[in-house]
Amino acid sequence: MSDATTTTATETPHRYTATSAGELELRWQKVWECDGTYHQPNPGEPGFDASRPKYYALDMFPYPSGAGLHVGHPEGYIATDIMCRFKRMSGCNVLHPMGWDAFGLPAEQYAVQTGVHPAVTTKKAIDNFRRQLKRFGFSYDWSREFATIDPDYYRWTQWIWLQAYHAWFDPHVGKAQPIAGLVSRLEKNDALVDVEGERVRWSRATPLQRQRYLDGFRLAYVGEQTVNWCPKLGTVLANEEVIDGRSERGGFPVLRLPLKQWMFRITAYAERLLDDLSMVDWPESTRVMQTAWIGRSDGAEVRFEVLRSREEKGVGHLRMRLRLADLQLALQDRTGEMLRRIEDRCRTTHGLEVQVSLAGTILGSKQIGEILTLQGRVRQHGAAVAVVDADEHQREVFRISKLDKLLRDEHPGETLVVFTTRPDTLFGATYMVVAPEHPLVARATSDPASETDVDDLSAYVAIARNRADVDRMAESKVKTGVFTGLYAKNPATGEAIPIWTSDYVLMSYGTGAIMAVPAHDERDFEFAKIFALPITQVVDVPDQPWTGDRATSGEGVGIHSKNEEVSLDGLGTREAMSVITKWIESKGIGRRRINYRLRDWLFSRQRYWGEPFPVVYSDDGRHLPIAERALPVALPELVDYQPIVSDTPVPPLGKASEWVHTTAGAAGVDASILPADALVRRETNTMPGWAGSCWYFLRYCSPKDSSRFVNLEAERYWMGGRGVDLYVGGSEHAVLHLLYARFWHKLLFDLGHVSTQEPFGKLFHQGMITSFAYQRVDKSLVAVDLVEERANGTFVEKETGDAVTQVIAKMSKSLKNVVNPDDVITDYGADTFRLYEMYMGPLEQSKPWNTRDIVGSFRFLQRAWRLVIDERTGEPLFAAAADATLERLLHRTIHKVGEAIERLSFNTAIAALIELTNAATRPTTMTDLTLGGFDRNQSERFVLLLAPFAPHIAEELWHRLGHSTSVTSAAWPAHDPAMLVDDEIELPVQIQGKVKARVTVPAKASAAEVEAIVLADSDVQRLLGGKPPKKIIVVLGRMVNLVG
RNA sequence: GGCCCCGUGGCGGAACGGCAGACGCAGCGGACUUAAAAUCCGCAGCCCUUCACCGGGCGUGUGGGUUCAAGUCCCACCGGGGCCACCA
């Protein structure tokens, strides 16, 4: 117990003490709950006032852990609560909800450790979090509370997933469309589709083949991917969940493993996710992080011929160009009729079997000429593939996957496609490198005539593959690699250059292969030095003179870059890139391309504690969606939810065999898809913890709606304009949650389910609450309880007496500097806690908790109380007459506080309130208490100013001032702008830029008048010593500068 | 290694390019008290000068620059933090 709890009850029985604060806080919390003070009706509901503007303030809902709340949790919640209370008083309808993000790994791991079912521990944790949060007096509308584990909620999480499953990203319109539209197009054209290397007409394809084909388009799809497999967690993880080769949760090593998993085609939205960042008011750092994560690179894709030896001549290319008129017709004719005609023409006039697929978009006829080239490539058997290749803009993802597929599947071992951001260095490409996982390597190892040691190659690939990414990085200092025995023909120089494999090239980026330009890329240079590969300079970089002992990666002027058809010599890098790209395109060996670092989002987890997928499998291996009417697919109550130890991921839900093996009818598959009695197997993977947080802010709008994931009208009202008006949470979610939620939102927007492109109009990250710790000379940290403070303000280690310095560190059990919010509230009350945490410093900054400082906030509330209440009687106390100076200050404070709240600058708002209180406080020695302080009206406005920050004490004072309704619904006081300026102001006078004197001038004085007053001032004349200044600068209302 | 942010009293921090250090903590002095606590009043960046008042100089990590004027803008460096990290 702190000093604050002691009270001099005998003399001042109505003081504000920790005890009385606790009493009145609990009392008002009960009243607010009984009265439904913070209940916000929806449009159409009784009590809804349509004339008021809306304000939606959202906290990142917590993941309730067994440990309970720590002092960092409430920081953001207090901030939004202040804003909400201010907005309510300013006349807004305010949506301020709270809920629980309750599925996920930590709860399951805790359950596995303790043997208690996660449903039990999670419920307990939620109850504890709710109790702790309620003690702060937050103005949440608790009637909107829900948890992501509620079947009524995850029913709709599954529903949204189904929307993605039934949709594809149509490159023509740049947005998601129902996949039924694509299917009917395929049917109508009876299109030739490509399924795992085999081409069949749609009408003749098996159901499984059709499904496989459509999986190449669905936004939620099954895909075979090299995944991040964490054996220790027993699950696969998304790229975003892997940091430095270790799991974000737990820090366990992560391996790579090819696996069929549910994916989200988030890459289809790469461009929009990037561009729309300009629409939102977000911290710059977060926008930069998302931009970097999406990682757009502009460059070119170039196809190299693969040769089996240095001497081999490559297979010739056949290049074709259709007449512009044909293309124009093809584009305008969406039915496919024209495409058929082009195919026919190729067959009859060129003797070529050609497939034409329409991947371009009608951007305007002027672009058509430049956007399309038809490339043909002859195979030995005479079959050919043509790719209609469209413009680089927007529709990239769809076409590229298509191109890659065709190239890889149709011409195994014959070409090697690379992506480069520096096509202008093509002449300097002296070797190639492919990732160890690249298919070319597998073929090279099985080539009996290989020029290299195949065993070496196999061994290297085996090591690189099995190595966890952590090790791969740890050993990354020295580059390693093996020659594959294959060569590629540099299309610019015509030279055969060796193809190597090395783990510095990643299979997951670009095409998994690079053209190495050692002269102008540091990584390639390092590799070339180690393996004595040739280095050819092809760019002269002005500020990086060529010395031969390092790569020059800057931009410059092309040299040594010339063949019969094209020359880059003398061209600047930018121009050279454009020239060479055009040349590549005209040769049909590549094109301009945009590449994204973003990969598709792996959405399956081999865990029990998550949302089941609404999918079953038929015995021919097809996945079949559950009908919407059959949702939710409830998570079975599994007694044994222990993860299955295995070298490969095995979902624990497989243990619920009665649940897994069922019939189509029982599972809820529509009879039109499969007969009701057909045996099916349920999907046993579950969704990751991120699923529930992707759309919870929408559910708050109408949490009880049982017919829709969100009520249409409620969504339009609360999310209207720019979505959530204020979203506060930690910057640790800068990419993960905030990127995923944006993706879901865009998908829902495209399908017409929500009304805004972006979910969160304004985002704010609160800083971390840190703590003090102590550091020895050797930089090791010492726990707080092992250190004592000396009288002179220095710190020594108790045991040794050695001096230690105070440093700022994260709160941790080992440093004994963790603060429990419950204790602080017991010692001072929730109002003091709220005030202290907001007064510590700027909201966005990380700040050290200092328990010693809390008393300052407490004393402020005591003074505020004494200012309004006579502590002997408990009755309100008023000055006989309003003090004019105080009135002026009050107006200024009203202005300052309101403006500071809008800026989320709560520390300065509170400082202004303290200044006002200090100015108004009567000395305790004063006997006539009617002399100082506020009059009734001033007191009321003062209490209103206090209300957003310290709602309990404000409510108490408001009622003691005679009001019977809550301060929550009172109007924010107005200020008179005329009261913000004084009649006379004191101006500093600078001489040669240094403040030397002060003069008092009328506030409305003109520059000339001010100048006259200054020059007439006796101090100024003395300081000038008779010499008139050369120049006088008058900044009205600010200062005067005399320059000699 | 790359990009970004931040360096202000003993501590947390204020400061539209215009009086640096608001406000709070800790500290010091005083009032009240038998006393302590609490409360209230006052003092408080550093240095020089002075018995004192007065007065003067230096001060926002370091060094330069722009400007009548720089904590604030520009360049370089030092220190701390964050993000990414072989992304071709």
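Keep in mind that what you see is a predicted model, and the values were worked out from it rather than measured. Note on naming: letters A, B, ... go to the chains in the order of the sequence lines (proteins, then strands), and numbering restarts at 1 for each one.
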Notebook entry, point to check: Got a sec? Which of residues 422-430 of chain A come in under 4.0 Å of RNA chain B, heavy atoms?
Noted result: none
Note to self: Using a heavy-atom cut-off of 4.0 Å across all strands, would you classify A/Thr421 as base, sugar-phosphate, or nothing?
What the structure shows: sugar-phosphate
Next item on the list: Quick one: list whatever passes side chain to side chain donor-acceptor pair (under 3.5 Å) with A/Lys896, sequence neighbours left out.
Entry: none
Next item on the list: Mind running a 4.0 Å heavy-atom check of residues 895-910 of chain A against RNA chain B and sending the residues that fall below it, in number order?
Entry: A/Asn907, A/Thr908
Next item on the list: May I have all residue pairs that pass salt bridge (charged side-chain N to carboxylate O under 4.0 Å, His left out) and include part of residues 282-295 of chain A, sequence neighbours excluded?
Entry: A/Glu284-A/Arg287
Next item on the list: Identify, with sequence neighbours excluded, every residue that meets side chain to side chain donor-acceptor pair (under 3.5 Å) alongside A/Ser297.
Entry: A/Tyr509
Quick one: side chains of residues 1029-1044 of chain A, donor-acceptor pairs under 3.5 Å with protein atoms, not counting sequence neighbours, listed by atom name and distance.
unit_1	atom_1	unit_2	atom_2	d
A/Asn1041	OD1	A/Gly993	N	3.3

Next item on the list: For A/Gln845, answer base if it contacts any base atom (sugar-phosphate contacts may also be present), sugar-phosphate if it contacts only those atoms, and nothing otherwise; contact means non-hydrogen atoms under 4.0 Å.
Entry: sugar-phosphate
Next item on the list: Please list, chain by chain and in numerical order, all residues satisfying side chain to side chain donor-acceptor pair (under 3.5 Å) with A/Ser846, sequence neighbours excluded.
Entry: none
Notebook entry, point to check: Name the stems that RNA chain B belongs to, where each is three or more consecutive Watson-Crick or G-U pairs with both distances under 3.5 Å?
Noted result: B:1-7 with B:78-84, B:10-12 with B:23-25, B:27-31 with B:39-43, B:45-48 with B:55-58, B:61-65 with B:73-77
Check: What residues, two or more places apart in sequence or in another chain, satisfy ring pair (Phe, Tyr, Trp, His ring centres under 6.0 Å) together with A/Phe942?
Finding: A/Phe934
Note to self: Each nucleotide in nucleotides 16-21 of chain B should get exactly one letter: B, S or -. Can you fill that in based on protein heavy atoms under 4.0 Å?
What the structure shows: B-BB--
Checklist line | Partner set under ring pair (Phe, Tyr, Trp, His ring centres under 6.0 Å) for A/Phe833, not counting sequence neighbours | finding: A/Phe136, A/Trp849
Check: Using a cut-off of 4.0 Å on non-hydrogen atoms, how would the nucleic acid contact of A/Arg852 be classed: base, sugar-phosphate, or nothing?
Finding: sugar-phosphate
Checklist line | A/Thr536: side chain to side chain donor-acceptor pair (under 3.5 Å) partners, not counting sequence neighbours | finding: none
